[in-house]
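To start, the structure itself, in C-alpha cells.
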Amino acid sequence: MAAATLVRRIGRSGVLPLCCRPPAWDRTPRPPPGLPLAPGRSFSNNKIQVELDESSGVAMMKLKSPPVNSLSLELLTEFAISLEKLENNRACRGVIITSSVPKIFSSGLDITEMCGKSVEHYTEFWRAVQEMWLRLYGSSMVTVAAVNGSSPAGGCLVALSCDYRIMAENPKFSIGLNEAQLGIVAPFWFKDTFVNVVGHRIAERSLQLGSLHPAPEAHKLGLVDELVPEEKLMEKAAAVMAQWLALPDHARQLTKTMMRKPVVDRLVAHREEDIKNFVTFISKESIQKSLRMYMEMLKKRKS
Amino acid sequence: MAAATLVRRIGRSGVLPLCCRPPAWDRTPRPPPGLPLAPGRSFSNNKIQVELDESSGVAMMKLKSPPVNSLSLELLTEFAISLEKLENNRACRGVIITSSVPKIFSSGLDITEMCGKSVEHYTEFWRAVQEMWLRLYGSSMVTVAAVNGSSPAGGCLVALSCDYRIMAENPKFSIGLNEAQLGIVAPFWFKDTFVNVVGHRIAERSLQLGSLHPAPEAHKLGLVDELVPEEKLMEKAAAVMAQWLALPDHARQLTKTMMRKPVVDRLVAHREEDIKNFVTFISKESIQKSLRMYMEMLKKRKS
Amino acid sequence: MAAATLVRRIGRSGVLPLCCRPPAWDRTPRPPPGLPLAPGRSFSNNKIQVELDESSGVAMMKLKSPPVNSLSLELLTEFAISLEKLENNRACRGVIITSSVPKIFSSGLDITEMCGKSVEHYTEFWRAVQEMWLRLYGSSMVTVAAVNGSSPAGGCLVALSCDYRIMAENPKFSIGLNEAQLGIVAPFWFKDTFVNVVGHRIAERSLQLGSLHPAPEAHKLGLVDELVPEEKLMEKAAAVMAQWLALPDHARQLTKTMMRKPVVDRLVAHREEDIKNFVTFISKESIQKSLRMYMEMLKKRKS
C-alpha cells in the first residue's frame with residue numbers, strides 16, 4: 001500500500017520528466033465512437049469479443065473475424081475502441097489478446113480496404129492502423145499476446161506490440177513481418193517495434209527476407225518469449241499475466257512509457273505525413289492494378 | 001612503445017571528434033574533498049577500503065559498510081573521491097570493485113538519506129548518486145565488478161557501470177534493477193546503462209517486472225559476463241583485469257568514451273533538472289509517509 | 001510481377017519518406033573513373049577480379065592482392081569502381097565478396113599509404129576508405145561475404161558491411177575490429193557498423209579489447225552468420241544469395257535503406273571533418289615515426 005501511494009506520487013510529481021506527461025498520442029483525434037463506451041463485464045462487437053474478469057482485472061480480447069482475422073477498418077476500429085474502453089475501466093489492469101479462429105492469429109492488414117476505394121477511405125483506414133498500434137504499443141495495461149496460430153505482417157505487429165508473447169509450439173504456425181515477400185515495405189514504426197524486440201541485426205535480415213518464422217525459430221530469435229503446447233496456451237497466458245500484475249501498476253506503467261515513448265513519439269511526430277504518403281501511394285492506378293491482380297489470385301486459390 | 005605513442009597522439013590530435021574532448025562530466029562541480037587527495041598505496045575511508053598494487057597498476061576497492069553496503073551519502077562521496085584519487089594516480093590503470101560484507105555486494109541507495117531530511121540534503125544526496133555514476137561509468141580506468149553477493153537496484157547499477165562483471169555462481173545471489181517491485185521507477189540513466197548491457201527487450205521486461213535475477217539467469221541474460229565459484233572470484237577478476245590491461249591505455253580509453261559518451265552526455269545535459277525532479281518528489285509529505293512506513297517495516301523485520 | 005510493379009511504385013511514390021530519396025552518399029564526388037564503366041560479363045583490375053554470371057545476376061568479386069589483400073588506395077579505388085559498375089549494370093543483382101589469397105580475406109588498411117606521403121595523398125586515401133564503405137554498406141545489391149581467411153580491422157569492416165557473412169569454419173581464421181591492439185581507435189562509422197551487427201555490449205567489449213575472434217567464437221557472437229567447411233564456402237554463398245534474390249528487389253532495397261540510412265547519413269554529415277581529422281593526425285611527425293617503426297618491425301618479421 002505504501003508502495004502504491006509512493007508510485008502514484010511519482011506519476012503526479014513529474015520526477016521522471018521523460019515519461020510522466022500524458023502520452024502524446026492520447027491527444028490526437030480518437031476514432032469515432034461507434035460503440036457505447038460504458039464499461040461492462042463483457043461486450044461483443046462484430047469482429048472482437050471482449051470479456052473482463054473483474055475479480056482478476058484481466059480482459060480477454062478475442063479476434064473473431066473468419067476466415068483469417070484480417071485487419072479491416074471495422075476490426076481495427078473495434079480494436080482501438082475496445083482498448084480505450086478497457087483503458088478507461090479502472091477494474092481492468094491487463095488484456096490477453098488471442099484469436100477465436102482456428103490456426104490463425106491474424107493475417108494482417110485487409111487488402112480489400114486498399115483497393116477501389118476513395119481517398120477519404122484510404123485516409124480513414126491508415127489512421128485506424130496507426131491508432132490501433134498507438135493504443136496497443138502505448139497501452140498502460142499489461143498486454144499479453146496468446147498467439148494461437150499463424151501471424152504474418154500486421155498480425156505479427158499486434159503480437160510485437162504486446163508486453164509478452166506466448167505462442168503455441170506448433171511448427172506449422174509461423175510469425176514475421178513478411179511484407180517484403182509481397183513486394184511491399186514495412187512502415188518505419190513496424191520496423192522500430194521489431195528492432196525493440198529482436199535487435200537491429202535480426203530485424204535487418206528478417207525484414208529484408210520477409211521471413212515467416214516457424215514457432216520454434218521465432219522463439220530462438222526472441223520474436224516470441226515462450227512456446228507452450230496449444231492446449232496450455234490460455235492457462236500460461238493467465239499465469240504470465242498474474243506475474244506482471246503482481247507489480248504496482250504505476251511503477252510498471254511509467255517504466256513501460258520510458259522504454260516505448262521514443263518510438264511512439266516518432267510516429268506521432270510524422271503521423272499526418274505517414275498517412276499522406278500512404279494515400280498518395282495507394283491511390284496510383286498502377287498500384288490499384290497490382291492489388292486487383294493479387295486479389296484475383298487469392299480468389300482463384302480459394303475456389 | 002610505438003603503439004603507445006601512436007595512441008597518445010590520437011588523444012591529443014582530436015582525430016576522433018566524437019570522443020577526444022575531456023569528458024563533459026569532468027567539468028561539473030566535484031564532491032567536497034573530505035579526504036586528502038595525495039595518492040598513496042592504500043587508503044581506508046569509513047565505508048570503502050582501497051588498496052593499490054603499484055606493480056600491477058590495479059586497485060582493489062572494497063565496500064565495507066555493514067550490514068548491506070547501502071549507498072549512503074557518505075559511501076557515495078567516498079566512492080567518487082576514491083575513484084577520483086585513483087584516476088589521478090598515474091600508477092593506477094584499473095580497479096576491481098567488490099564487497100567485504102558477506103553475501104551482499106550492495107543493497108542500493110540508502111533509504112534513510114531520503115527520509116526526514118532537508119531539501120539541501122536531498123539535493124546533495126542525489127548529486128552524489130549522479131556523481132558516483134558519472135565517475136564510474138565514464139572512468140578511463142579498466143573497471144571490473146567482482147560481484148560476491150546479491151546486488152539489487154543501485155548495487156546492480158554499480159556492477160552495470162563497470163567494464164566487466166564477474167559473479168559468484170551461487171544461485172542464492174541475485175542481481176537486477178528491481179525498483180518497480182518497490183513501486184518506484186529506475187531513472188532514465190539507470191535504464192540507459194542497462195539497455196547498453198542487455199539490449200532493449202531484456203531491459204524492458206526486466207525493468208517492468210522489477211526482476212532480481214539469480215546468478216545463473218543473470219549470466220544467461222548477459223547481465224553479468226561470467227560466473228565462477230565464489231572462492232575463485234578474486235583470482236578470476238585479477239586475470240580478467242590483466243587481459244584488459246594488456247591493451248594500450250589510450251586506445252582502450254578512447255574506444256570506451258566513444259561507446260559510452262552518448263549516455264553520459266544525456267545525464268550531464270539534464271543533471272540539474274534530474275536533481276530538481278528528485279527533490280520535488282521526495283519532499284512531498286505523502287512520499288515521506290510512505291518511506292517512514294517502509295522503514296518501520298524493515299525495523300520490525302530485523303527485530 | 002504484380003508484386004514487382006507494386007514495389008517499383010513504392011520507390012517512386014515516396015511512401016516511405018525516410019528511405020526513398022536517392023542515397024545522400026551518392027551525391028558526393030565519385031572516385032576518378034580509372035576504368036571503363038561499360039558493363040561487361042567480367043573484368044579484372046589489378047587488385048580485384050570481377051565475374052558476373054548474367055543468368056543468375058550474381059557477381060563474384062575476388063580480392064587478389066597478395067600477400068594479404070591489404071586495402072591500398074589502388075585496391076580501395078578499384079573496389080568502389082567495381083561496385084559502381086555492378087550497381088549500374090541492370091543484369092547484376094547481387095555480389096559475393098571473397099579472397100583469392102589463401103588463408104586471408106583482407107588484412108585491413110594498408111599502412112604504407114599512411115606513411116611518408118603528402119597531405120594530398122592522405123586526403124585521397126581516407127576519402128577512398130570512406131567511399132568503399134559508403135558504396136558497400138549502402139549498396140542496393142545483395143552483398144554476401146564469403147570469408148575464406150582471417151579478416152582483421154578493415155577486412156572485418158568489409159565483411160560487416162555485407163548483408164550476410166559466411167565464414168570458413170577453420171578456428172585458425174579469426175575476424176574482428178582489433179584496432180585497439182595496435183594502439184589505434186576504430187572510427188565511429190566502423191563502430192556503428194559493428195554495433196548494428198552484434199549489439200552494443202559485445203561491440204563495447206570487443207572493440208576495447210581489440211579482439212580477433214576465431215571463427216567459432218565469431219559465429220557465437222553473431223559477428224558472422226554461418227560457418228561452413230572451407231570447401232563448401234562458395235556453394236553455400238551461392239545458395240544464400242539465391243535465397244536473398246528470391247525477394248523482389250525494390251522491397252528488399254527500400255528495407256535495407258531504412259535499416260542502414262541513419263548510420264550512412266552520420267558519416268555523410270561528417271565526412272570532410274572526418275578526413276580533416278585523419279589527415280591532421282597522420283601528418284604529425286610523432287605518428288609518422290611510430291608508423292615507420294611498425295613497418296620496420298613487419299619487414300624484419302618477413303625476413
Side-chain angles (χ1 to χ4, degrees), chain A residues 111 114-115 122 126 177-192 194-195 198-211 221-222 266-267 269-270 272-298, chain C residues 1-20 137 140 142-143 160 162-165 192-203 221-226 240 242-263:
Chain A
I111 204 166
M114 308 189 239
C115 195
Y122 301 143
W126 200 245
L177 293 176
N178 63 323
E179 281 80 354
Q181 289 275 5
L182 314 175
I184 56 176
V185 179
F188 72 87
W189 36 288
F190 282 49
K191 181 266 291 177
D192 289 343
F194 198 27
V195 168
V198 298
H200 191 278
R201 171 57 189 157
I202 290 172
E204 184 183 84
R205 187 171 63 192
S206 183
L207 283 172
Q208 282 195 70
L209 290 171
S211 304
L221 295 175
R266 200 170 162 212
L267 176 57
H270 298 94
E272 296 309 315
E273 192 184 338
D274 187 55
I275 292 172
K276 197 179 158 188
N277 285 327
F278 171 76
V279 173
T280 306
F281 161 63
I282 212 74
S283 302
K284 286 176 195 285
E285 179 44 32
S286 54
I287 300 296
Q288 287 295 311
K289 194 178 161 193
S290 299
L291 294 176
R292 283 193 301 268
M293 287 168 65
Y294 184 71
M295 288 198 298
E296 288 295 324
M297 190 194 73
L298 289 180
Chain C
M1 192 184 154
T5 310
L6 187 59
V7 83
R8 201 166 304 133
R9 291 302 138 191
I10 297 178
R12 287 189 210 149
S13 70
V15 74
L16 291 164
L18 288 168
C19 60
C20 289
Y137 196 66
S140 70
V142 174
T143 51
L160 286 172
C162 290
D163 291 315
Y164 201 84
R165 285 155 289 285
D192 288 344
T193 307
F194 198 28
V195 168
N196 272 357
V197 172
V198 298
H200 190 278
R201 170 59 189 155
I202 290 173
L221 295 175
L223 204 165
V224 297
D225 296 294
E226 214 168 332
V240 165
Q243 185 199 6
W244 283 66
L245 291 181
L247 278 286
D249 280 339
H250 278 71
R252 192 193 42 71
Q253 289 162 357
L254 291 170
T255 304
K256 182 172 177 175
T257 302
M258 179 168 65
M259 299 303 298
R260 299 193 167 190
K261 193 172 186 303
V263 161

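Proteins get letters first, then strands, A, B, ... in listed order; numbering begins at 1 in each.
- For a residue to count as touching a neighbouring chain, one of its non-hydrogen atoms must lie under 4.5 Å from one of that chain's; by this rule Arg292(A) does not touch chain C.
- Taking 4.5 Å as the limit, some side-chain heavy atom of Met259(C) sits within range of a side-chain heavy atom of Val195(A).
- Nearest approach of Phe188(A) to Met258(C), heavy atoms of both residues: CA-SD, 3.8 Å.
- Smallest separation of non-hydrogen atoms from Ala180(A) and Pro248(C): O-CD, 3.4 Å.
- Atom OG1 of residue Thr257(C) and atom CD of residue Gln208(A) lie 8.5 Å apart, to the nearest 0.5 angstrom.
- When each of Val197(C), Val142(C), Val198(C) is checked for heavy-atom pairs under 4.5 Å with chain A, Val197(C) comes out on top.
- Put simply, NZ on Lys256(C) and CG on Leu207(A) are 14.0 Å apart, with the number rounded to the nearest 0.5 Å.
- Under the rule for a salt bridge (Lys or Arg N to Asp or Glu O under 4.0 Å), the partners of Arg260(C) that lie at least two apart in sequence or sit in another chain are Glu204(A), Asp163(C).
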Subject >> side-chain contact (heavy atoms from CB on, under 4.5 Å) between Thr255(C) and Lys191(A), intermediate numbers included >> reply: CA-CA 9 Å; Thr255(C) 304; Lys191(A) 181 266 291 177; over 6 Å; no
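- The structure places CD of Glu179(A) at 13.0 Å from CG of Leu254(C), a figure rounded to the nearest 0.5 Å.
- Using a 4.5 Å cut-off between heavy atoms, Gln253(C) makes no contact with chain A at all.
- Side-chain atoms of Gln181(A) and Leu247(C), non-hydrogen and from C-beta on, do get closer than 4.5 Å to each other.
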